[in-house]
Amino acid sequence: MAARAFRDDFVWGTASSAYQIEGAVDVDGKGPSIWDVFVQEEGRIHENRDATVACEFYTRYKDDIRLMKECGMKAYRFSLNWTRILPEGIGRVNEKGIEFYNNVIDELIKNDIEPYITLFHWEFPYALHKKGGWLNDDVVDWFAEYAALVADRFSDRVNKFITINEPQCFIGLGYLKGCNAPGLSCLNADLFQMAHNALKAHGKAVQAIRAHAKQPVEVGFAPTGQISFPETLKPEDIEATRKHLFSCPEGLGNWTWNLAWWMDPVLLGKYPEDGMRMYEKYLPNFTPEDMKLISQPLDFLGQNIYNGEMIRAGKDKPWEIITKCAGFPKTSMNWPVAYECLYWGPKFISERYNHIPIYITENGMACHDTISLDGKVHDPNRIDFLARYLMRLKDAVADGVDVRGYFQWAFTDNFEWAEGYNERFGLVYVDFPTQKRIVKDSAAWYRHVIETNGKEL
């Protein structure tokens, strides 16, 4: 193994999404998204909470960005709310929304924090949902219109753009399982059409951003997925793990939750063979023109990584998933703590996808954070989690994986989708009744990591 060090220009940052932090869901001309409607349904969100206020980032953005600077952040990945910019999803532009995001961008630059814009982090316009949403083939052009506007208005100061965040989740949780907005359980044929349209929309957005950019820009894509890691370093375990990671689920109950179905078309120009075989009777017609559009050249891959499964070579099958031992460490969301995935995930992904530059666009831990008697928030478990994951990411870099940056999720506690305010991922504690911010111990630890470029973890 080579000397363990991150590159000198490694990007250290944090991340958020618009709907989870902004609040102000119906002010200054913003239109409704599917989430604005979904949260009104009784029982959809934990404790029937909503994001009407959230973290009040819409009015507190200057203070929060100043706090980011104090915490040492060099970059901030944030999403735009599509309906704040285009209230009906297409057509009429809301200049108040444009003004807000211009102000956020300017404030970030003023504080020496580089903006990374995500176009879509699940804030789908309700007006377009009523026209069929992702099932309507026109969504490809709708999204491209939005992407072109974003590039027109913001690319003079922003040169890092991510098209779509976690299609596995917004299709799988929103349209298959129905636990996220818009709360549907659709036919399999419709789901595969939606997924294909989402990937086509990504491709056309890449074209639109490049065509309308005011300066040279870099464009990426940010999928997620559970990472597989081997039980041992035996070649047979490593190969079994690689096969498992890029396999498609055999059952249709959770088919969206995989890497290859979403990443192979974008980065290799074709859907994976096992998925094509297993899902054949539900698939739409994939034309060569579709695949060319989906596989537009990208400058980087964003990868959201939280947890994974341990794999060994099977005795009579390609692999075995190893059952977790009693008391296996978990986050407050009951996600397993599996720090090996931040080594094996980037390594396997880099090897499969022609060594494309990678950013870890999300990684973090939900904890049962509370304010202690001293008025502070002590979160040693989050510090330990981040340290272990980053150590393994550093090992991946040392082994030649081209990792360009790391974005911790999230800067502040926020509205955690269907979990409401029950889960806290932030480096900064938010007391939601008062909106008071308290910098957690993990934020101070992460600042030191940034200052030493990861040399001291």
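Positions are given from 1 along the sequence.
- Checked against the 6.0 Å centroid threshold, Phe124 and Phe170 do not count as a close aromatic pair.
- Pro346 and Leu393 make their closest contact through CG-CD1, 4.1 Å (heavy atoms, listed as atom of the first residue, atom of the second, distance).
- Checking each of Trp335, Phe385, Trp409 against Met365 for a side-chain contact (heavy atoms from CB on, under 4.5 Å) leaves exactly one that passes, namely Phe385.
- The aromatic rings of His121 and Trp417 sit parallel, their planes meeting at an angle under 30°, below the 60° perpendicular limit.
- In summary, Arg153 and Glu95 engage in a salt bridge, as defined by a charged side-chain N under 4.0 Å from a carboxylate O.
- Under a 4.0 Å N-O distance rule, the pair Lys30/Asp28 does not qualify as a salt bridge.
- Under the 6.0 Å distance and 45° angle rule, Arg424 counts as a cation-pi partner of Tyr429.
- Ser155 places no side-chain N or O within 3.5 Å of a backbone atom of Asp152 that could act as its donor or acceptor partner.
- Between Asn307 and Tyr389 the shortest heavy-atom distance is CA-OH, 4.2 Å.
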Audit row: Glu123, Asn81, side chain to side chain donor-acceptor pair (under 3.5 Å) steps and yes/no: CA-CA 6 Å; Glu123 307 93 348; Asn81 192 319; 5.2 Å; no
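- For the pair Tyr271/His196, a side-chain contact is recorded, criterion being any heavy-atom separation below 4.5 Å from C-beta on.
- The aromatic ring centres of Phe10 and Trp12 sit less than 6.0 Å apart.
- Between Trp35 and Trp122, the ring planes are parallel. Angles under 30° get that label, and only those over 60° would be called perpendicular.
- Val140 and Asn197 get closest at one heavy-atom pair: CG2-O, 3.8 Å.
- At a threshold of 4.0 Å, the pair Asp431-Arg437 does not count as salt-bridged, since none of the basic side-chain nitrogens sits closer than that to a carboxylate oxygen.
- Using bins of under 30°, 30° to 60° and over 60° for the plane-to-plane angle, the ring pair Phe246/Tyr353 lands in the perpendicular bin.
- Between Glu114 and Asn159 there is a side-chain heavy-atom pair separated by less than 4.5 Å.
- Ring centroid separation for the pair Phe100 and Tyr58 comes in under the 6.0 Å cut-off.
- Between Tyr116 and Tyr76, the distance from one ring center to the other does not fall under 6.0 angstrom.
- Minimum interatomic distance between Gln193 and Pro284 (heavy atoms only, all atoms of both residues): OE1-CB, 3.1 Å.
- Surrounding CD of Glu47 are more than 12 heavy atoms belonging to other residues, nucleotides or ligands, all under 6.0 Å away.
- Between Tyr359 and Phe300, the ring planes are perpendicular. Angles over 60° get that label, and only those under 30° would be called parallel.
- Counting all heavy atoms, side chain and backbone alike, Val430 lies closest to Gln435 at CG1-OE1, 4.0 Å.
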Worked verdict on Arg157 versus Asn102 for side chain to side chain donor-acceptor pair (under 3.5 Å): CA-CA 9 Å; Arg157 287 150 295 148; Asn102 271 326; 2.5 Å; yes
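- Phe192 and Tyr279 have tilted rings, their planes meeting at an angle from 30° to 60° on a 0 to 90° scale.
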Criterion salt bridge (Lys or Arg N to Asp or Glu O under 4.0 Å) on Asp106 and Lys110, from CA distance to verdict: CA-CA 6 Å; Asp106 290 344; Lys110 177 182 174 182; over 6 Å; no
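- Lys96 NZ: 12 or fewer foreign heavy atoms inside a 6.0 Å radius.
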Verdict with supporting geometry, Arg84 and Glu22, salt bridge (Lys or Arg N to Asp or Glu O under 4.0 Å): CA-CA 11 Å; Arg84 198 176 293 287; Glu22 286 179 359; 2.9 Å; yes
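- Between Asp138 and Lys131 there is no salt bridge, since no side-chain N of the basic residue sits under 4.0 Å from a carboxylate O of the acidic one.
- Of the candidates Leu119, Leu128, Val150, Leu128 is the only one forming a side-chain contact (heavy atoms from CB on, under 4.5 Å) with Trp82.
- Closest non-hydrogen pair, Arg7 versus Asn453, comes out as O-ND2, 3.1 Å.
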